Amino acid sequence: MRTFDYVRPATLPEALSALAASPEARALGGGMSLVPALKLRLAAPSALVDLRGIPELRGIRITDDAIVIGATTTHADVAAHPAILDRLPALAALAGGIGDPQVRNCGTIGGVVANNDPSADYPAALLALGASIETSRGSHAADDFFTGMFETALAPGEIVTAIRFPIPKQAAYEKFKSPASRYALVGVFVAVTAGGVRVAVTGAASCVFRAEMIESALGERLAPESLEGLRFSTDGLNADMHADAPFRAHLIGVLARRAVSKLLATGKVN
Amino acid sequence: MNARTGIGASLLRKEDLRFVTGRGNYVADIQRPGMAIGVFVRSPHAHARLLSIDTTAAKAMPGVVGIYTGADLDADGVGGLPCAWPVTGKGNTPSKEPVHPALARGKVRHVGDPVAFVVADTMVQAKNAAEAVVVEYEPLPAVVGVLDALKPGATAVFDDIPDNVCVDWEVGDAAATDAAFAKAAHVARLSLVNNRLVGNPMEPRAAVAEHDPSRGSHTLWTTSQFPHIVKLLMGNFVLHLPQHKIRVVSPDVGGGFGVKQFHYAEEAVVTWAAKKALRPVKWVCERSEGFLSDAHGRDHVTEAELALDERGKFLGLRVRTIANMGGYLSTFGPNIPTNLYGLLLAGVYTTPAIYCEVKAVFTNTLPVDAYRGAGRPEATFVLERIVDVAASEMGIDKAEIRRRNMIPPDAYPYKTPVMMEYDSGDPGGCLDRALAAIDWTGFGKRRAESASRGKLRGIGLTTYIEACGLAPSRIATRLGARGGLFESATVRVHPTGDVTVLMGTHSHGQGHETTCSQIVSERLGIPPENIEVVFGDTDRVQFGLGTYGSRSAAVGGSALAKATDKVIVKGRKIAAHMLEASEEDVTFADGRFSVAGTDLSKTFQDVALMAHYPVDYPLEILEPGLEEQAFYDPVNFTFPCGAHIAEVEIDPETGVVSLVDYVAVDDVGTVINPMIVDGQIVGGIVQGVGQALFEDCVYDESSGQLLSGSFMDYCLPRADQFPQITVQTHVTPCTHNALGVKGCGEVGTIASPATVINAVVDALAHLGVNHVDMPASPNRVWRIINDAGFGQTAK
Amino acid sequence: MQIRFQLNGKPVTVDVPPHELLSELLRDRLGLTGTHVGCDTSQCGACVVHVDGRSVKSCTTLAAALEGATVTSIEGLADGAALHPMQQAFHEKHGLQCGFCTPGMIMSSVEFAKNNPDPTPEAVRHWLEGNFCRCTGYQNIVSSVQAGAAAMHAQRKGA
């Protein structure tokens, strides 16, 4: 890979000034996407600002109505956290299905959210659960955060500090993995929240999106049968050697039904 | 001898200790004093004219040692990469062998075609400089698929081969086959594709070379399955270096599967550059670079027809195949889809008339050559698929149609209509055992149970035979090989009776250090720990042709057995001298030379000591020393055979095919180490299932860009995709080698693609499906189900 | 930049360029070539080592980030001449052929086995999602990990 500077600040202000020092500097979380891109010379930052030395960015807090996960918390820590397993098991299961064990040992939630890979899992959870993305500048609602392929509402130099997940009544995630990369060819997160049923789809298009048609069908009646016969448009859906657009459109329906069945089977209502 | 260490014992592997502790010695591990790092600049185009290469700016960059292009190679008289096994086609026309320059000249012919080699002090510097090499291309239309390559007006990969045909080959009797079809009660027809694969041994290829100007010598460490052949091809045909000044070393090699049995451009360029730069030079292929530079495998389009009588007896088989050679010929390219394919089309059946035509064509893709099984998986796939199609169409049980047509056990040796003579085999016995092991008759219950969970279950069967033990030189050279394919072994007995074995074969996972020790242990009566097995170094090993085509035990092991016999012959002479007996009266058993009818004897160790510290030798008839070398050239191929059965379950909603059970019963001849044989067969099966369900090398049809260019898209099989696989062996010894061995390295990969696809088709047969192309990916299977109108209603 | 960390039980102080990967540091500069590199997309797992007791892909880990960490590579697993139970299990169950994936496979399995004394084959197969083997077909690796896990916990009890 090309050369760059590496800094590991101990505080958030130090990290912000390091990022501000160069427009080509980039924040580093677990590096599970960034380091491979550097190796393939697909990215060429002037400096990497490693956020993992900042204590307050790591860790999981549980409040009465929310789970707050620090940006540099690893997927493995989320997957194994007793309170998340108890209060929001769908999120623990999602985190436990990302990549492989070594990716989960290193990869961080903040890194995934800031990167907004179109086939990443977490964005579906954030969007379906109506999470908020807490940053060095304030807070973003998930609905406004994921703006396009690898694009977010983050301003240059803005650092994700934590993700706040309101605890839903019920939730489930179903993913159809790429047989090769294990990223989501399609992933569907269904959540029954205080504000109604929210359904987010990842992997299928250039950016995670909410599936209003499914939401309204499930709003009528929360049952897999409510989704029978729904047809999803192939417009804007990804097509690659593993899944063409009609297959992805089909999988959205299958996975949504399965997520609903799973959600109902767990019988957990908060 | 010893049931725990000799032939037939599951002796734990001697080589393991260094591998489990991280002390293996792979090429990428090698460091040499003053070593520089090389990287290749490769073509981003599938087909383009190479207008200019400007290295000026790159050469001025920090750390750059040298940047070399095809013009530099030309200036030194470097030759093209040779093809070692051309074939002769219809009308006695030899296969076309266009020049394959080590660095592209004039044109690039596939994405990844190397155009320059950059050597620098460090990897970062080499990569930076490689990015600064300015190559001007004039892109040309690319021809990618084999059918496109044959269309009138198709782009020509080579200007002087306007039809893109490397060879138009045939085998069998066309007239007899036509006659068979004329009297057929039923004809089954099938069009199929054998998908292109990338072998992907876990260790990427690598090369380190150095030159010693004071001796004029060259050393190349390379990830090769056959260092002696690399030495000959590279030294004699490409670099024109004297053979006695070249040493090629293949140390520990991390898997081969055929991918590492070719002489590659990088080996020659690195060796040449080490002399140019007067520095040791190291090149380590990165995985995504490997996708663009390793020879690929398979890639056939085939139409097959099987003629049957009213009882389902096979009368004739007609096969037309178009095989992809890629943008240049790799070392064995033309041999794979011809001799190693067409000659296997009789399978285990008595089909009296067979005719096969193969057009091997050039395209703007990576060269295609042998990959584990090499031609034989393709032949087995055609045959076992069309047998299933015929059985379905005629309403005959899949096992029954095979039994009805199988070569009877008493018909061996059996001459096929496609040139082979099978020496032995009992595929029927394998079939019976496989059917019992999987509970063939109980399948209906299992299918119903799967259906109760909304899943479609299928069962698939294959009976196969393959030809390996490459190769009888007499036959191979008749089939076009430019050299013999014998093997050699040296047994060096030390004064203490410990033994060093020098093998011409090469082990890159097969466990030869253990199995060769077992052969010697069995025959010389010494424990395996007193035996060292050496291979992979042309300065240490006499000569050898390496490891491929499941030949190491059948050919190399036979050479080793022969060498031990010679040791015993000489040992008897020495013992006779020591015991003052006549040589004829001395026998050897259990590590002891004895005089028949007396209690006089000497141990192997006594004799070894006397061999090196001779006392009163009759020097005119007995030389000191105890080291024997043997060369073994087999009289025929060996013919492993067997029966494999797979069960799959398909999720009709997602098209996901899950392999749920797999039984293999294989006749690989005498088993030297059952544990190792089991490991080879299971590993081979999983690779073949990879082809059937997961792996696909896909090019963009118009641009010739490789779409599956990394593990992000090329689906290598993972642990969680497999059930426990059951492997049994059913032995009929090979009749023409001393050990009775046939070979086990490829059988799994040969049988399993057809077996799994037969199961997938069986699961979908009720939808009117009679074939599914590989890989049976979720998207493809869902599409089939959906097109049949069943997808949307499935629960 | 200079970093200090524990490597196979010994303190190491080394200058690393910021772009150097842990796999490069181990292999090219510290002579520990048991850690292998089999891909460039962080998938094959031949490079797996432990950092602070957890398995990571050293080909995707910047050496610069290791200040203060504890790193164990395959070379640090055995206790002198005595193989680690997982190494012994891979040997006894024929869990390796060419040996290239083996170091990463063993390092990954050791982390798994610590938390799973008696794993099912399915659990082992699922865990090994990040480790490719092209030779064995995984079957004997699964047996090896099961045996190795049992041996690790028996040893712990016995100790």
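Naming: A, B, ... by sequence-line order, numbering from 1 per chain. Small disclaimer: the values here were computed from a predicted structure and weren't measured.
In this structure, the portion of B:Val686 lying under 4.5 Å from any heavy atom of chain C is its side chain and not its backbone. Heavy atoms closer than 4.5 Å to chain C are found in both the backbone and the side chain of B:Phe711. At a 4.5 Å heavy-atom cutoff, the contact between C:Asp28 and chain B is made by backbone and side-chain atoms alike. For C:Thr102, the part lying under 4.5 angstrom from a heavy atom of chain B is the side chain only. Looking at C:Leu77, neither its backbone nor its side chain comes within 4.5 Å of chain B, counting heavy atoms on both sides. Only the side chain of C:His19 has a heavy atom closer than 4.5 Å to any heavy atom of chain B. Using a 4.5 Å cut-off between heavy atoms, B:Gln31 contacts chain C through its side chain alone, with no backbone atom that close. For C:Phe100, the parts lying under 4.5 angstrom from a heavy atom of chain B are both the backbone and the side chain.
A donor and an acceptor atom, one from each side chain of B:Gln518 and B:Thr5, are nowhere located under 3.5 Å apart. Judged by distance alone, the side chains of B:Arg23 and C:Thr33 never bring a donor and an acceptor atom under 3.5 Å apart. A donor and an acceptor atom, one from each side chain of C:Ser73 and C:Asn8, are located under 3.5 Å apart. No hydrogens or angles considered: a donor-acceptor pair under 3.5 Å links the side chains of B:His644 and B:Tyr662.
Considering only heavy-atom pairs separated by less than 4.5 Å from chain B, the leading option among C:Leu83, C:Leu128, C:Val37, C:Val142 is C:Leu83. Between chain B and the residues C:Cys98, C:Gly95, C:Pro121, C:Ser42, the most heavy-atom pairs under 4.5 angstrom are made by C:Cys98. The residue among B:Gly255, B:Gly290, B:Gly256, B:Gly199 with the most heavy atom pairs within less than 4.5 Å of chain C is B:Gly199. When the candidates C:Cys39, C:Ala78, C:Pro103 are compared by the number of heavy-atom contacts under 4.5 Å with chain B, C:Cys39 comes out ahead. Ranked by heavy-atom pairs under 4.5 Å with chain B, the list C:His94, C:Lys93, C:Glu75, C:Arg27 is led by C:His94. Taking B:Leu17, B:Asp678, B:Ile685, B:Ile676 one by one and counting their heavy-atom pairs under 4.5 Å with chain C, the maximum is reached by B:Ile676. With respect to chain C, the highest number of heavy-atom pairs below 4.5 Å among B:Ser288, B:Ser710, B:Gly24, B:Ala28 belongs to B:Ser288. Comparing C:Thr41, C:Leu96, C:Asn131 by how many heavy-atom pairs each has under 4.5 Å with chain B, the most go to C:Leu96. When the candidates B:Asn25, B:Val284, B:Leu716 are compared by the number of heavy-atom contacts under 4.5 Å with chain C, B:Leu716 comes out ahead. Among C:His126, C:Met105, C:His91, the residue making the largest number of heavy-atom pairs under 4.5 Å with chain B is C:His91. Of the listed residues (B:Gln721, B:Glu286, B:Gln724), the greatest number of heavy-atom pairs within a distance under 4.5 Å of chain C belongs to B:Gln724.
Heavy-atom neighbours of C:Asp118 CG from other residues, nucleotides or ligands within 6.0 Å: at or below the threshold of 12. Counting heavy atoms of neighbouring residues, nucleotides and ligands inside a 6.0 Å radius, atom CG of C:Asn115 exceeds 12 of them.
Under the 4.5 Å side-chain criterion, counting only non-hydrogen atoms from C-beta, C:Leu21 is not in contact with C:Thr61.
The pair B:Lys260-B:Asp294 does not count as a salt bridge, with every side-chain nitrogen at least 4.0 angstrom from each carboxylate oxygen. The residues B:Glu529 and B:Lys14 are annotated as not salt-bridged, no charged nitrogen and carboxylate oxygen being separated by less than 4.0 angstrom. Under a 4.0 Å N-O distance rule, the pair B:Arg718/C:Glu129 does not qualify as a salt bridge. Salt bridge absent: B:Arg13 and C:Glu92 never bring a charged side-chain N and a carboxylate O closer than 4.0 Å.
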- Item | Pair C:Glu24-C:Arg29, salt bridge (charged side-chain N to carboxylate O under 4.0 Å, His left out): steps then yes or no | CA-CA 7 Å; C:Glu24 295 169 338; C:Arg29 298 210 290 132; over 6 Å; no

